[in-house]
Amino acid sequence: MDIVYIRGLQADAVIGIYDFERAHRQSLVLDLELGTDIRPAAAGDDISLTLNYKAVTETVERFVKESDFALVETLAQRCAEMIMSEFKVPWLRLSLSKPGAMRQAQDVGIIIERGQR
Ligand SMILES: Nc1nc2c(c(=O)[nH]1)N=C([C@H](O)[C@@H](O)CO)CN2
């Protein structure tokens with residue numbers, strides 16, 4: 001399986017388990033690895049035959065910005081479901097970071113893998 005990837009996708013959202021977190025938007029960063037077969041696109045040199053990372057990036061950015069959840073787990077799971085269904089992706093790995101969440105740590109977050117390779 002080949003992979004189309006998107007690294008360091010930044011978007012802000014209302015997210016958090018505490019009341020003070022829900023009063024403002026927080027920065028989130030996503031890394032995505034999306035399973036695909038790049039051979040048809042490479043053979044035809046044709047964008048319509050591959051996973052268009054511009055389309056995925058813009059769709060995910062919009063989805064995250066419009067989201068409002070308590071947990072990063074919920075946002076990660078909903079993002080994964082949306083990407084797999086809208087872009088017909090059979091397998092993905094998604095990392096969701098909340099860099100400002102813990103003063104003691106550079107970064108915290110979650111990594112999930114869904115579907116079949
Ligand atoms: N596994 C998780 N742990 C925590 C989360 C979360 O979403 N998943 N969230 C928080 C707070 O919202 C945090 O960002 C600030 O304390 C704590 N732990």
Subject >> same_hphob_cluster(F69, I112) at 4.5 Å side-chain heavy-atom cutoff >> reply: yes
Original post:
With a 4.5 Å limit on heavy-atom distance, are the side chains of V64 and C79 in contact?
Top reply: yes
Original post:
Any side-chain donor paired with an acceptor under 3.5 Å for Q77 and E73?
Top reply: no
**OP:** Look up atom CZ in R7 and atom OG in S95, then write down how far apart they are to the nearest 0.5 Å.
**Re:** 11.0 Å
**OP:** Sequence neighbours left out, what pairs pass ring pair (Phe, Tyr, Trp, His ring centres under 6.0 Å) with at least one residue falling in residues 10-43?
**Re:** Y18-F20
**OP:** Check the surroundings of atom CZ in R25: do more than 12 heavy atoms from other residues, nucleotides or ligands lie under 6.0 Å from it?
**Re:** yes
Subject >> Name of the residue among E58, R78, E86 meeting side-chain contact (heavy atoms from CB on, under 4.5 Å) with F63 >> reply: R78
Subject >> Connected hydrophobic set around I3, excluding itself, where side chains approach under 4.5 Å >> reply: M1, Y5, W91
**OP:** Look at the side-chain heavy atoms of Ile, Leu, Val, Met, Phe, Trp and Tyr, link any pair under 4.5 Å apart, and say whether V60 and F87 land in one connected group.
**Re:** yes
Original post:
Is there a donor-acceptor contact under 3.5 Å from the side chain of Q26 to the main chain of I15?
Top reply: yes
Original post:
If you draw a 6.0 Å radius around CZ in R117, do more than 12 non-hydrogen atoms from other residues or ligands fall strictly inside?
Top reply: yes
**OP:** Hey, could you give me each pair passing salt bridge (Lys or Arg N to Asp or Glu O under 4.0 Å) that has a residue in residues 89-103? Not counting sequence neighbours.
**Re:** E21-K98, E33-R93, R93-E113
Original post:
Do the side chains of L28 and M82 join up, straight or via other hydrophobic residues, at under 4.5 Å, putting them in one cluster?
Top reply: yes
Original post:
With the 4.5 Å side-chain cut-off for hydrophobic clustering, are Y53 and M84 part of the same group?
Top reply: yes
**OP:** Of all the heavy-atom pairs spanning G35 and P90, show the shortest one and how long it is.
**Re:** O-CD, 3.4 Å
Original post:
Under 6.0 Å from the CG atom of D46, do we count more than 12 heavy atoms belonging to anything else shown?
Top reply: yes
Subject >> Interatomic spacing from CG in L96 to CD1 in I110 - rounded to 0.5 Å >> reply: 7.5 Å
**OP:** Identify which one of N52, L92, L51, V89 satisfies the side-chain contact (heavy atoms from CB on, under 4.5 Å) criterion when paired with V4.
**Re:** L51
Original post:
Between atom NZ of K54 and atom CD1 of I47, what is the distance when rounded to the nearest 0.5 Å?
Top reply: 10.0 Å
Subject >> Approximate separation, where rounding is to 0.5 Å, of T59 OG1 and I83 CD1 >> reply: 9.0 Å
Subject >> side-chain contact (heavy atoms from CB on, under 4.5 Å) partner of E61, chosen from V56, L9, L30 >> reply: L9
Original post:
Is the backbone N or O of I38 less than 3.5 Å from a side-chain atom of D2, with the two atoms forming a donor-acceptor pair by type?
Top reply: yes
**OP:** Rounded to the nearest 0.5 Å, what's the gap from CG on D31 to CD1 on I111? Could you check?
**Re:** 8.5 Å
**OP:** State, to 0.1 Å, how close V108 and A101 come at their nearest heavy-atom pair, and which atoms those are.
**Re:** CG2-CB, 3.7 Å
Subject >> Contact summary for S97 and D107, nearest pair of heavy atoms >> reply: CB-OD1, 3.1 Å
